[in-house]
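To find a chain, count down the sequence lines: A is the first, B the second, and so on, and within it residues start at 1. Values reported hereafter were calculated over all heavy atoms of this structure, with side chains retained and with hydrogens, waters and symmetry mates removed.
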Number of protein chains: 2
Amino acid sequence: MTASRALRGAQDVSQATVLKVNNAAKEIGYVGNHLAASLTKTNSNLIGVVLPNLTNVVFSHVMNGITEALGNTIFQPVFGVTEWDEDREYEVIKNILSWRPAGMIVTGTGLPASTRLILERANIPLVQIMDTDGEVIDSVVGFSHEKAGYDMAQALLKIGKRRIGFIGCIVNNDRRAAKRRVGFRRALKEANLDFCCEVNEAAVSSVSLGRKLMQEALQDCPDMECIYFTNDDIAAGALFYCIERGIDVPSRLTLVGFNGMDISNSFPGRLATSVTDLTGIGTEAAKILLKRCTGEKSEVSERIVLEPRIELGNSVSNAPTEYD
Amino acid sequence: MTASRALRGAQDVSQATVLKVNNAAKEIGYVGNHLAASLTKTNSNLIGVVLPNLTNVVFSHVMNGITEALGNTIFQPVFGVTEWDEDREYEVIKNILSWRPAGMIVTGTGLPASTRLILERANIPLVQIMDTDGEVIDSVVGFSHEKAGYDMAQALLKIGKRRIGFIGCIVNNDRRAAKRRVGFRRALKEANLDFCCEVNEAAVSSVSLGRKLMQEALQDCPDMECIYFTNDDIAAGALFYCIERGIDVPSRLTLVGFNGMDISNSFPGRLATSVTDLTGIGTEAAKILLKRCTGEKSEVSERIVLEPRIELGNSVSNAPTEYD
DNA sequence: TCAGGTATCGATACCGGTATCGATACCGGT
DNA sequence: ACCGGTATCGATACCGGTATCGATACCTGA
């Protein structure tokens with residue numbers, strides 16, 4: 001007992017004993033047991049993190065934000081990957097909950113009823129991330145993908161784009177990419193327009209796929225002046241294809257990605273994109289949990305919106321690309 | 001007690017009772033408590049994963065391999081990020097160990113003595129990943145980065161490259177990139193050569209940085225015929241720079257990346273690279289742990305080498321690039 | 001000198017499961 | 001009818017910590 005107190009720096013132990021215990025612990029290589037420690041409390045100091053996937057750069061940035069914010073705290077992330085499958089999501093969440101985590105970070109809003117139920121029953125702080133469109137249980141950090149699509153469309157309409165196509169990679173039920181498309185289309189409709197061409201592929205996005213889809217789109221519809229992509233990497237792939245073919249981007253054709261990841265800087269200014277603060281989403285979500293798990297005001301649910309910043313680059317002036 | 005048996009499908013419970021218990025559990029929304037369950041056993045069904053970072057695509061691929069292999073098992077990853085800091089690594093590992101994980105996956109070989117000690121004391125299966133060069137405690141999955149560098153150098157020498165430069169982003173003590181450089185240089189020395197030019201930057205690699213470093217390198221040493229980069233993204237950045245400047249890659253200048261990530265396909269055939277199976281490293285490591293944690297032959301330590309595949313693309317023929 | 005307070009420490013119960021073992025009921029064979 | 005075996009289930013101890021409370025020693029002021 002005294003040993004336990006000494007090791008965790010609790011009250012009621014003399015300085016001398018603390019030293020003795022610490023030395024003894026070091027000598028025998030004592031490691032402690034979070035399991036036992038957590039069992040006495042109502043919950044552990046684990047933080048559950050549920051993401052659809054990790055290969056996707058988007059989520060690895062978010063994850064990095066989370067681990068960064070959790071870095072020097074007593075909290076540690078456990079995590080599960082859903083692959084956009086709702087049944088698997090339910091299982092993963094239930095599994096994590098049985099570790100009695102101090103808090104949870106779950107990707108997406110509008111969760112299925114059964115998933116909602118166990119999360120509510122757990123009675124721990126919950127932050128849903130990425131998306132503010134759907135139904136939120138407790139707190140949320142992200143932005144409206146519908147609005148992000150809408151805003152980008154408006155920006156493009158404003159600089160005179162009219163014949164706009166859409167190229168998308170939407171895996172399973174990645175609702176966020178779909179919502180951007182919906183929002184974009186809403187703006188188009190308000191201007192009495194619609195996508196002049198649409199190419200969809202239910203596959204994981206990649207540069208190579210971007211090249212392929214671009215080729216298809218150009219065959220179907222050679223007179224587009226702008227294309228809205230679901231992600232940066234397919235937009236970049238398309239740009240590379242255009243560069244090879246001598247199609248001037250953005251003066252003849254404006255390409256618009258999403259997220260503002262590193263690859264969108266491959267040819268500075270050539271791609272337009274919505275720059276999102278993905279690491280920020282992770283850190284903000286983790287910070288909310290930290291506040292709720294350690295602080296007092298544990299009943300306040302928060303709503304943090306990190307609106308994407310639209311970057312049109314050279315697409316604004318539309319001048320033919322010149323190299324300095 | 002009977003309830004516990006029923007829920008986990010153990011022996012000695014009648015079919016009728018199992019049904020009754022399951023229904024009751026569903027009704028009251030029973031969730032279970034892994035903490036208590038694990039406390040009775042010598043270790044939990046957590047798998048500790050220690051990585052330097054997650055923003056880096058390299059590690060997010062590895063992580064994805066791990067979660068994929070662990071997907072439908074009872075095991076769950078907890079994890080920690082070291083940011084290439086050995087003190088932090090020690091703390092992270094110690095912290096994870098006190099969850100009594102069933103096994104550990106740790107990035108890198110040749111760990112510091114104190115870290116080694118606690119890992120050995122834990123007496124659980126351990127897989128070190130990424131690197132087979134250094135000292136291994138138990139099992140290892142990866143390849144020799146020294147040899148990877150050496151092999152690539154030999155391949156380049158074989159196709160006649162002589163004036164070879166080096167452009168590197170080596171953060172903190174990322175020893176693996178450094179080892180590739182050493183191996184590459186060993187091959188050069190065997191041919192009585194050395195890097196004709198060297199540009200280093202202690203920063204996280206990115207496309208933009210690749211552009212910048214390429215520009216610097218070309219100023220310092222305009223007559224290079226080949227450049228070895230530490231990663232794909234700076235190589236890709238360099239390629240983009242060359243394309244803008246009208247420098248023909250690879251006919252005038254061969255650019256060589258590492259990993260064979262998506263971005264190396266931005267202009268197919270234009271970049272040479274060593275294609276590594278990062279997801280494979282993750283899955284193989286996880287599979288070893290699964291075997292060791294569930295199976296019988298729990299004393300066999302394994303050594304799985306996933307040699308990178310050298311892809312020279314158009315750099316082989318060296319013909320001026322033509323578009324089809 | 002003694003009562004009351006404080007500093008320090010150990011004994012005990014408990015967290016929520018599981019392993020173990022004993023108790024009970026029921027079965028078939030002789 | 002009786003016995004040994006099996007199916008089913010509950011009581012108990014225990015995993016390794018921590019909260020609580022009581023015990024002891026020592027200190028301070030009256």
Side-chain angles (χ1 to χ4, degrees), chain A residues 1-46 48 74-76 78 91 94-103 118 121-124 293-294, chain B residues 1-46 48 73-76 78 91 93-103 118 121-124 293-294:
Chain A
M1 181 63 247
T2 304
S4 156
R5 276 194 279 249
L7 287 169
R8 67 204 144 99
Q11 298 282 330
D12 292 352
V13 199
S14 73
Q15 196 57 35
T17 327
V18 171
L19 276 175
K20 256 197 318 192
V21 171
N22 282 335
N23 286 334
K26 202 168 293 174
E27 200 166 333
I28 62 168
Y30 175 79
V31 170
N33 189 330
H34 284 334
L35 298 168
S38 306
L39 189 55
T40 66
K41 308 189 211 106
T42 46
N43 37 34
S44 67
N45 46 20
L46 291 169
I74 54 165
F75 298 99
Q76 197 141 21
V78 217
E91 287 305 324
K94 185 169 174 182
N95 202 356
I96 293 181
L97 283 178
S98 52
W99 289 107
R100 298 291 127 100
I118 52 171
R121 279 262 176 73
N123 199 30
I124 53 173
C293 295
T294 59
Chain B
M1 182 62 248
T2 305
S4 157
R5 275 194 280 248
L7 286 169
R8 65 203 145 97
Q11 298 282 330
D12 291 353
V13 200
S14 72
Q15 197 55 37
T17 327
V18 171
L19 276 175
K20 256 198 314 193
V21 172
N22 281 336
N23 285 335
K26 201 168 294 173
E27 200 165 334
I28 63 168
Y30 175 78
V31 169
N33 190 329
H34 283 334
L35 299 167
S38 307
L39 190 55
T40 66
K41 310 192 209 104
T42 46
N43 37 34
S44 66
N45 47 20
L46 291 169
T73 70
I74 55 164
F75 298 99
Q76 196 141 23
V78 215
E91 288 304 324
I93 290 178
K94 186 170 174 182
N95 203 355
I96 293 181
L97 283 178
S98 52
W99 289 107
R100 300 291 129 97
I118 51 170
R121 279 263 176 73
N123 198 31
I124 53 172
C293 295
T294 58

* Residues which pass side-chain contact (heavy atoms from CB on, under 4.5 Å) with A36(A), listed by chain and number, not counting sequence neighbours -> N33(A), L39(B)
* To do: For A122(B), check side-chain contact (heavy atoms from CB on, under 4.5 Å) against everything at least two apart and list the hits.
  => L97(B), I124(B)
* To do: State the OG1-CG distance between T40(B) and L35(B), to the nearest 0.5 angstrom.
  => 11.5 Å
* Hey, could you give me the CG/SG distance between N43(A) and C293(A), rounded to the nearest 0.5 Å? =>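 Here the interatomic distance stands at 7.5 Å.
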* Check whether any side-chain N or O of R100(B) sits under 3.5 Å from a backbone N or O of G32(A) as a donor-acceptor pair, and report yes or no. => yes
* May I have all residue pairs that pass ring pair (Phe, Tyr, Trp, His ring centres under 6.0 Å) and include part of residues 13-44 of chain A, sequence neighbours excluded? =>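 Sorted pair list: H34(A)-W99(B).
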* To do: Give the intermediate values and the outcome of side-chain contact (heavy atoms from CB on, under 4.5 Å) for residues V31(A) and R121(B).
  => CA-CA 9 Å; V31(A) 170; R121(B) 279 263 176 73; 5.9 Å; no
* Test item: V78(A) and P101(A) side chains (from C-beta on) under 4.5 Å apart, heavy atoms -> no
* Asked: Going by heavy atoms closer than 4.0 Å, what residues in residues 1-25 of chain B are next to DNA chain D?
  ->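 Close to the strand are M1(B), T2(B), R5(B), D12(B), V13(B), S14(B), T17(B).
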Sequence neighbours excluded and cut-off under 3.5 Å, please list the side-chain donor-acceptor pairs for residues 22-29 of chain A, or say none.
residue : atom : partner : partner atom : Å
N22(A)  : ND2  : V18(A)  : O            : 3.4
N23(A)  : ND2  : L19(A)  : O            : 3.3

* To do: Runs of at least three consecutive Watson-Crick or G-U pairs, both distances under 3.5 Å, are what I'm after; which ones involve DNA chain C?
  =>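 Stem list for DNA chain C: C:1-30 with D:1-30.
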Residues 7-15 of chain B side chain polar contacts: donor-acceptor under 3.5 Å, at least two apart:
residue : atom : partner : partner atom : Å
R8(B)   : NE   : S4(B)   : O            : 3.2
R8(B)   : NE   : S4(B)   : OG           : 3.0
R8(B)   : NH2  : S4(B)   : OG           : 3.1
S14(B)  : OG   : T17(B)  : N            : 3.2
S14(B)  : OG   : T17(B)  : OG1          : 2.4

* Outermost DNA chain C nucleotides near chain B [under 4.0 Å, heavy atoms] -> dG16(C) to dT20(C)
